[in-house]
Amino acid sequence: MGSGQKTWFITGCSTGFGRVLATHVLRRGDRVALTARNPETLSDLVDAFPSQARAYRLDVSNHEEMMRVVEDVEYDFAPIDYLVNNAGFVAVGTIEELRPADYRKVFETNFFGALELIRTVLPFMRQRRSGTIINISALGGIVANAGLGYYCASKHALEAVSEALSEEVAPLNIRVLIVEPGQFRTEAMAKRFEALQIPDYEDVLRP
């Protein structure tokens, strides 16, 4: 590949936006560190692009695993030019209904996982004085909706951190981008957790 080849680190590559983006980037000729909780789901991409793609097992809620994977990519594959925080979890239910274990998982995946990955990759980018961080948010990160309060809150938090970080790292030649998709029929939405338990909310969530 030419000297212009870049390296992408993308979370949540097994389905949805992550897989589509990874496929596009590989076809363009760049390298991709593909990550998923089940890396076997990425074998077809690795087989199709053996010199450009490597698959890594990564649960973004596991900080120790995250640090190990980032170091493996940086030292054994290639320096990370683009970090894409795409992995997400959707929990559907009212503020009253969802249990702490459910809404904590939303934040662990959508906010804290992304935040810790940024903090893990950033020292490498800062040392090189280059890099781009892309955080996949949602329109729900701007306007919240009934039944998605915790999901929207996690994206609100991600947007706030992204905006502050953008100002902090701009002088270091590091960019921070926020992507705010609307509603798409992705795997995350198909597998979303629904917890409609209180009849009083039925007309609100299922009009």
Measure from the side-chain N and O atoms of [X] to the backbone N and O of [Y], and report whether any donor-acceptor pair falls under 3.5 Å.
X: Arg128; Y: Pro79; value: no
X: Asp30; Y: Val25; value: no
X: Asn110; Y: Phe89; value: yes
X: Gln5; Y: Gly29; value: yes
X: Glu97; Y: Thr94; value: yes
X: Ser162; Y: Ile178; value: no
X: Asn62; Y: Glu65; value: yes

With heavy-atom distances below 4.5 Å as the criterion, would you say the side chains of [X] and [Y] are in contact?
X: Ile118; Y: Leu83; answer: yes
X: Lys155; Y: Phe111; answer: no
X: Asn135; Y: Ile133; answer: yes
X: Val70; Y: Phe9; answer: yes
X: Tyr150; Y: Leu98; answer: yes
X: Leu58; Y: Thr11; answer: yes
X: His63; Y: Thr120; answer: yes
X: Asn85; Y: Ile134; answer: no

Atom [atom1] in [X], atom [atom2] in [Y]: separation rounded to 0.5 Å?
X: Gln52; Y: Leu26; atom1: CD; atom2: CG; answer: 5.5 Å
X: Thr109; Y: Arg104; atom1: OG1; atom2: CZ; answer: 13.5 Å
X: Arg31; Y: Phe49; atom1: CZ; atom2: CZ; answer: 14.5 Å
X: Thr132; Y: Tyr82; atom1: OG1; atom2: OH; answer: 5.0 Å
X: Leu172; Y: Ser130; atom1: CG; atom2: OG; answer: 10.5 Å
X: Leu45; Y: Arg27; atom1: CG; atom2: CZ; answer: 9.0 Å

Can a side-chain donor-acceptor contact be found between [Y] and [X] if the only test is distance below 3.5 angstrom?
X: Ser61; Y: Asp59; answer: yes
X: Trp8; Y: Asp81; answer: no
X: Ser137; Y: Glu180; answer: no

Do [Y] and [X] meet the salt-bridge criterion of a basic N to acidic O distance under 4.0 Å?
X: Arg126; Y: Glu168; result: no
X: Arg19; Y: Asp44; result: yes
X: Glu40; Y: Arg57; result: yes
X: Lys105; Y: Asp102; result: no

Same cluster for [X] and [Y] if Ile/Leu/Val/Met/Phe/Trp/Tyr side chains link at under 4.5 Å?
X: Met125; Y: Leu165; result: yes
X: Leu42; Y: Val84; result: yes
X: Val69; Y: Met67; result: no
X: Leu21; Y: Phe77; result: no
X: Val32; Y: Val46; result: yes

Heavy-atom pair with the smallest gap, counting every atom of [X] and [Y]:
X: Ala87; Y: Val60; value: CB-CG1, 4.2 Å
X: Ser14; Y: Thr41; value: CB-OG1, 3.2 Å
X: Glu74; Y: Ile80; value: OE2-N, 3.1 Å
X: Ala138; Y: Tyr151; value: CB-OH, 3.7 Å
X: Ile10; Y: Thr35; value: O-OG1, 2.8 Å
X: Ala114; Y: Leu158; value: CB-CD1, 3.9 Å

So for atom [atom1], which belongs to [X], do other residues, nucleotides or ligands contribute more than 12 heavy atoms lying within a distance under 6.0 Å?
X: Glu71; atom1: CD; result: yes
X: Arg119; atom1: CZ; result: no
X: Arg129; atom1: CZ; result: yes

Output, in order, the C-alpha distance, side-chain angles, deciding distance and verdict of side chain to side chain contact (heavy atoms under 4.5 Å, CB included) for Arg68 and Tyr56.
-> CA-CA 10 Å; Arg68 184 169 61 251; Tyr56 299 85; over 6 Å; no
So Phe107 and Phe112, would you call those rings parallel, tilted or perpendicular, with 30° and 60° as cut-offs?
->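 Phe107 and Phe112: tilted rings.
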